[in-house]
Engineer: 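Following this message is one structure expressed as structure tokens.
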Amino acid sequence: MRAIFNGKTIAEAPKEDLIYIEGNWYFPLSSVDESVYEKTDTPYTCPWKGEAQYYNVTVDGETAEDGMFQYPDAKEMAVQRVKKDFRDHVAFWHGVEVTE
């Protein structure tokens, strides 16, 4: 599967390496091009997953603000609920397209 922004593939991994949670495919962080994202200070806490970390995604001067997010310190009960540890995985939105 691939995550694409502004015509560029920014993440790619086999589907079996991804985790599907609440309508989002979570890619291993290691599959994301490190040159396209940077942390933001956007606050958000999910009631069952915990505190989120957001990232801006920038490709060729175009930015998807908070276009990537993860739960690096997800609650243990969330990991048990998903049945996989998703703490080192990220999901995309705000203009980042995920395709098979």
Engineer: For P14 and L18, which heavy atoms make the closest approach, and how far apart are they?
Structural biologist: O-CD1, 3.2 Å

Engineer: How close do V90 and Q70 get, heavy atom to heavy atom, and via which atoms?
Structural biologist: CG1-CB, 3.6 Å

Engineer: Under the 3.5 angstrom rule, does the side chain of K75 hit a backbone N or O of P47 as a donor-acceptor pair?
Structural biologist: yes

Engineer: Mind checking the CD1-CG spacing from I4 to N6? Nearest 0.5 Å is all I need.
Structural biologist: 11.5 Å

Engineer: How many angstroms lie between atom CG of D41 and atom CD of Q53, to the nearest 0.5 angstrom?
Structural biologist: 8.0 Å

Engineer: Before you tell me yes or no, could you show the steps for H94 and Y54 under side chain to side chain contact (heavy atoms under 4.5 Å, CB included), namely the whole-Å CA-CA distance, both residues' side-chain angles and the distance that decides it to 0.1 Å?
Structural biologist: CA-CA 11 Å; H94 289 181; Y54 284 91; over 6 Å; no

Engineer: Kindly compute the distance separating OG (S35) from NZ (K8), expressed to the nearest 0.5 Å.
Structural biologist: 4.5 Å

Engineer: Can you check side chain to side chain contact (heavy atoms under 4.5 Å, CB included) on V82 and Y26, steps first, answer last?
Structural biologist: CA-CA 12 Å; V82 173; Y26 283 70; over 6 Å; no

Engineer: Using the rule given for side chain to side chain contact (heavy atoms under 4.5 Å, CB included), can you reason through M77 versus W48, listing the C-alpha separation, both sets of side-chain angles and the distance that settles it, and then say yes or no?
Structural biologist: CA-CA 8 Å; M77 64 158 243; W48 70 275; 3.7 Å; yes

Engineer: For the residue pair F92 and I10, establish whether any side-chain heavy-atom pair is separated by less than 4.5 Å.
Structural biologist: yes

Engineer: Would Y44 end up clustered with V96 when hydrophobic side chains under 4.5 Å apart are linked, directly or stepwise?
Structural biologist: no

Engineer: To the nearest 0.5 Å, how far apart are OH in Y20 and NZ in K15?
Structural biologist: 9.5 Å

Engineer: Considering residues, nucleotides and ligands other than E12, do more than 12 of their heavy atoms fall under 6.0 Å from its CD?
Structural biologist: yes

Engineer: Are F69 and N24 close enough, and set up right, to give a side chain to side chain contact (heavy atoms under 4.5 Å, CB included), and what steps lead you there?
Structural biologist: CA-CA 11 Å; F69 60 95; N24 292 301; 3.9 Å; yes

Engineer: Between V36 and F5, is any pair of side-chain heavy atoms under 4.5 Å apart?
Structural biologist: no

Engineer: Indicate yes or no: at least one non-hydrogen side-chain atom of M68 is less than 4.5 angstrom from one of L29.
Structural biologist: yes

Engineer: Please report the shortest heavy-atom distance between V57 and G67, naming the atom on each side.
Structural biologist: CG2-C, 4.1 Å

Engineer: Please check if any side-chain donor atom of T40 sits under 3.5 Å from a side-chain acceptor atom of D66, or the reverse.
Structural biologist: yes

Engineer: Roughly how far, to the nearest 0.5 Å, is the CE atom of M1 from the OG1 atom of T9?
Structural biologist: 12.0 Å

Engineer: Do I21 and H89 touch side chain to side chain, with heavy atoms closer than 4.5 Å?
Structural biologist: no

Engineer: Decide whether V59 and V98 are clustered together by the hydrophobic rule: side chain heavy atoms of Ile, Leu, Val, Met, Phe, Trp, Tyr closer than 4.5 Å, transitively.
Structural biologist: yes

Engineer: Please name the pair of heavy atoms, one in A11 and one in F27, separated by the smallest distance, quoted to 0.1 Å.
Structural biologist: CB-CD2, 3.9 Å

Engineer: Hey, does E51 have a side-chain heavy atom less than 4.5 Å from the side chain of D73?
Structural biologist: no

Engineer: Heavy-atom count check: over 12 atoms from other residues, nucleotides or ligands less than 6.0 Å from E34 CD?
Structural biologist: no

Engineer: For the residue pair Y71 and F86, does the interplanar ring angle fall in the parallel (under 30°), tilted (30 to 60°) or perpendicular (over 60°) class?
Structural biologist: perpendicular

